[in-house]
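Have a look at the structure below, then the notes.
Just so it is clear, the values below take in all heavy atoms, side chains as well, and ignore hydrogens, waters and symmetry mates. Each chain gets a letter, A, B and so on, in the order the sequences are listed, and its residues count up from 1. Just so it is clear, the model here is predicted, and its values are computed rather than measured.
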Amino acid sequence: MSYQVKLKDRIAHVEILSRQKEQLLVSVDGKEYALDFVKIGKGSYSILYQNKSFNVELIPINGIKKYDVNTFKNSFEVEIIDAESKYLASRKQTQDSDDEAVITSPIPGKVVKLFVEKGDTVEAGQTVLVISAMKMESEFKAPKAGVVSAVNVSEGQSVDSRQELVIIDFH
Amino acid sequence: MSYQVKLKDRIAHVEILSRQKEQLLVSVDGKEYALDFVKIGKGSYSILYQNKSFNVELIPINGIKKYDVNTFKNSFEVEIIDAESKYLASRKQTQDSDDEAVITSPIPGKVVKLFVEKGDTVEAGQTVLVISAMKMESEFKAPKAGVVSAVNVSEGQSVDSRQELVIIDFH
Amino acid sequence: MIKKVLVANRGEIAVRIIRSCREMGIQTVAVYSDADRCALHVLYADEAFHIGPSPSTESYLNIDNILRAARQSGADAIHPGYGFLSENADFSARCNDAGIIFIGPSPYAISTMGDKITARKTMMAAGVPVVPGTEGEIDSEEEALRTIEEIGLPVMIKASAGGGGKGMRLVKNDKEVKSALRAARSEARSAFGDDAVFIEKYIESPHHIEYQILADAHGNVIHLFERECSVQRRHQKIIEETPSPILTPERREQMGEAAIAAAKAVDYRGAGTIEFIVDKDLNYYFLEMNTRLQVEHPITERVVGVDLVKEQIHIANGEPLKLKQSELKQQGHAIECRVYAEDPDNNFMPAPGKVTHIDIPYGVGVRVDGSIYEGFEIPLYYDPLIAKLIVWGKDRTEALERTQRALKEFKITGVKNNLKFLERIIQADGFVQGDYTTHFIDENKDFLMRNDPCDQNCEDIVIVTALMEYLQKLEKASPKEMTALKNNWKDFTRVRSVFRL
Amino acid sequence: MIKKVLVANRGEIAVRIIRSCREMGIQTVAVYSDADRCALHVLYADEAFHIGPSPSTESYLNIDNILRAARQSGADAIHPGYGFLSENADFSARCNDAGIIFIGPSPYAISTMGDKITARKTMMAAGVPVVPGTEGEIDSEEEALRTIEEIGLPVMIKASAGGGGKGMRLVKNDKEVKSALRAARSEARSAFGDDAVFIEKYIESPHHIEYQILADAHGNVIHLFERECSVQRRHQKIIEETPSPILTPERREQMGEAAIAAAKAVDYRGAGTIEFIVDKDLNYYFLEMNTRLQVEHPITERVVGVDLVKEQIHIANGEPLKLKQSELKQQGHAIECRVYAEDPDNNFMPAPGKVTHIDIPYGVGVRVDGSIYEGFEIPLYYDPLIAKLIVWGKDRTEALERTQRALKEFKITGVKNNLKFLERIIQADGFVQGDYTTHFIDENKDFLMRNDPCDQNCEDIVIVTALMEYLQKLEKASPKEMTALKNNWKDFTRVRSVFRL
């Protein structure tokens, strides 16, 4: 069976050819890899490839399909492309634009200012809310003109990273 | 509801009087404790009692009733006494002696020598098997005379701590 | 003799102070806000007292609550750490009034050094070089113009009560003087409620070099050499080292004497730091004095072989200094890297959150001071400094090589951090050559923001590993979780784009 | 110049060697047995090669497999660490034959020092004091009796090829001589296939003090002072410190010169250790030479300010020593505690198993070298040494206080370990006073086996916490697990007693 995995702009086709205990034979975009592949802890792997030692650590992002991945030298975001992702991607391609924008914060913080209510019309670039964390304030702006269809937070509220804060509808 | 907890030779009677978030009110053998009680990780707790800071770590032993417990200064084995334990204890008291001895190793290791088979008669003090770990060999002996009723391991086999190795029947 | 110390702080410095107290057999009391019930300093201290809600104004800056905790616990001394109340003259005075030893200088020393104009005047009187400029605050625009004519452009207009770059204006040509002066005053008024400003010569390629001093209650003052702190981003230090790669032995000694003179001028007692600005010709000028322990104090501890927190406590006990200036030496080279919970790839946005995994570097020459543990939720209310890596080498080359090694071993997952950014600083030419000013970060932005290359093998292995983890999780997912996954999918049928800053 | 090093070892020393290689920009190759696929040295090295099944005779002692891995990886040098093949003259020779640099001394130096009688003769010829006794091996019982008459009782009869206490007999009175001689020979024959024995004066209250030396290929030999290693249990060192609390400056220098003479006598090259036995009057006698890095080398690194692994590599590269004897100094005091996976409460039985949690001590003056991580399964095939705590203080008092602090912070759960036992050693009167011999552990057994008291509050809190954990687990237990619990109960209806050693 073949899988698709996305790393940065690359979508790799991966096939698992065989697995016997630690010995894993896979092909990535046609290139074969014989790996000595061992899980050594939660989300933590040791891989020997041609006797080179690689340590890979994965932290799941919202579910099981996306991971922050750390190696000795690099950090990546990797996504497994399954039927759902493909469907979404295909829908996205057939449309001219997105239906809506979901404003999220990449970090946890506290909403110190909220400038919109549900139903408000916003301009592109208009500041929608301000989040404060560790004594630094960050403004969040509307990417395009639209109408606020949902406001899920209030001033003074603590929010998680990637939590949906405000949704702006473009239609 | 009242519980019984065993620590060394002491059996303490514990009653949980109330719990509101971190604030835990309990009585141990009649002495009341108002504790600020927080779980900070797997089996790891921070407790403030009269502003004294206690850190307690628990490692379960074979199930959920027995724990190795570490504090800043001490280590204990603690056991929760429930109906099952009480029943066993009462049965034990009404009998003159145990029915059988189960020989276990307190540490993981490798069986380097096995001197008995099922059905063998053994004398008190007779060496039953030898376990080796980290280049040190330990002899395991029969506590009383009896008949070997089960041998669950063979020479060269690796064994876990507390695994039942040999059972000797005294009747 | 101090028997019980309340540490009026949090984070790595609170833990660090408790460590030295414990080594001295002194009992320790932690204080904590709502957000810090599970913080390491609370777990690590002998006792812990709650002092208020999460915002620091209501807890770590709340003098009444802290003094109440001190009384309740029976602490006979308070260590303020750095930040928070450490340079608050009122707090020092309130401790004295309450009969509790404040482990730090007198209110007089704090307030004299806390006001930039007063400090400047005091230093000039003591013969410590200051940046050429006005002696006191500016009374008129004419005076400003006269001063500028004297010292020459460019100049910096600074708020007397200032800090953090507020109320500061750089003037490069004559025409800008008046408008810059007005802007600085108005900004100073709204930021600090005080529009006093003064003018200083602007040093073009400055080094930030500071001196550690110790002063006892018997008039003995010594310096423990310098720390080079020029690697800064927005006035926040990132990497410090000692010895400074640019100082000569003669200049080192001169500046040390100036630092001692500065401390003596305010009858200083305790540990303090004299910050100098140094130009490319090694002219040095007093910048300010930090009347407390510095974040970067461990590199001095390492090369001089001293425990500064213990020295602070001995001094607070009234004991005379045992260290003699003539016996002190810098042994080898030490570097400190500050690990921040921030995202260098996203404009250094702070990144609170839950730490899921930590790999701490060990082994020869490595010290780590930190305040996080696996499962700890870094609160969003406080400073993003979560750990300090202090590395020693027999010389600067070995210290650099070892710092690289240690940074590569250091892994913190769950929260974004600047470990890779630190690694790139250590690799940057200017840093390796020891030839850098406070403009270093800006001047090397391109190099510092670059990611290490990952060849195809490395990428492919990452891809395979993520897939294997996914497949294993898919297999283990319970029916309930599968439903959740499906519902998730339904949510997605309306196309959304998720915007981040 | 060495570019790639294969580390023919495992555990903390393999990781420690890789660290220094990495700092020098040298590529590293790990080797591993079946049991060690997930060991830290494999994860940490650039490359890793499998060299055989778990028993060390089939892997870490398998010269052919190790040389094959060296060839395959293109390593130009092999570092043997300590133990395993590090003092195997044949291995050193085989490396030379294969054109691979052996980071250690020549086969000649290893074999000369490896045989006790040859070493003894060589030392006597070089003027290094040896314990009074026979010059070579004993040929007859008459010779034995004559020797004993010369040096006086008590004496020790030792196997020439001996080690680990085998083939050793203490003789306290005349009547025992003959039978002891026969027993020692027969034991030596069956243990080492060689019944050669010799006789030495028995030192009643000995100190075990060793000297670190470095020798380059150009005839330069220096010593890096002593390590006091008298805290031993069954000939296994537990705690070491430097400087030794009993040496005078004069004796320190004399012994250093003797150590250099010993190394020169075998044309030594690399890092080595001369072990001396020292009596209560500070008479010192050569005991043996360890022709490799020692477990306790980090305390020397700390007080002298040197990285011994790097020095080994420089020497192997043919570079002359940069360190000069006259410039070396002991700065402050360092103590090493060896953390073993063993159960002090159960006759020090070794305790392999899975590490569930580790709290490592950090902060000022603390270094940790280790090989375990959370989730790691300590294999049952190898030495129980899992970590070393190395603590520095400006003097012995501070080093002791800091060691106590660090040991209290140090927690390893999941496997039994000797951390509490180490803490009690540090607290024992004899140790605190620096007045201890190799009999220290035996003489202080009662104190060392004592547990810290736990008052009623402490006990009660432990009880409550265990109960709360139990109740939480009970609540979360799935129906399947509940069935298992019940079945377990059924098993128990037949009364059993579980015997442990």
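Enclosure of atom NZ in C/Lys388 by more than 12 non-hydrogen atoms of other residues, nucleotides or ligands within 6.0 angstrom is indicated. Heavy-atom contacts from other residues, nucleotides or ligands closer than 6.0 Å to NZ of C/Lys354 number 12 or fewer. In B/Lys6, the NZ atom is not crowded: 12 or fewer heavy atoms of neighbouring residues, nucleotides or ligands sit closer than 6.0 Å.
For a residue to count as touching a neighbouring chain, one of its non-hydrogen atoms must lie under 4.5 Å from one of that chain's; by this rule C/Tyr373 touches chain B with the side chain only. If you measure heavy-atom distances from B/Asn51 to chain C, the contacts under 4.5 Å come from both the backbone and the side chain. In this structure, the portions of C/Ala48 lying under 4.5 Å from any heavy atom of chain B include both its backbone and its side chain.
Annotation: the span from C/Leu40 atom CG to B/Ser46 atom OG amounts to 10.5 Å, rounded to 0.5 Å. Here the CG atom belonging to C/Asp46 is positioned 10.0 Å from the CZ atom belonging to B/Phe54, to the nearest 0.5 angstrom. We find the NE2-CD distance between C/His50 and B/Glu22 to be 9.5 Å, quoted to the nearest 0.5 Å.
Between C/Glu47 and B/Leu48 the shortest side-chain heavy-atom distance does not fall below 4.5 Å. In this structure, C/Arg37 and B/Val38 have side chains that are in contact, with non-hydrogen atoms separated by less than 4.5 Å. The shortest side-chain heavy-atom distance between B/Asn55 and C/Tyr44 does not fall under the 4.5 Å cut-off.
Annotation for B/Ser53 and C/Ala45: closest pair CB-O, 3.3 Å, computed over non-hydrogen atoms.
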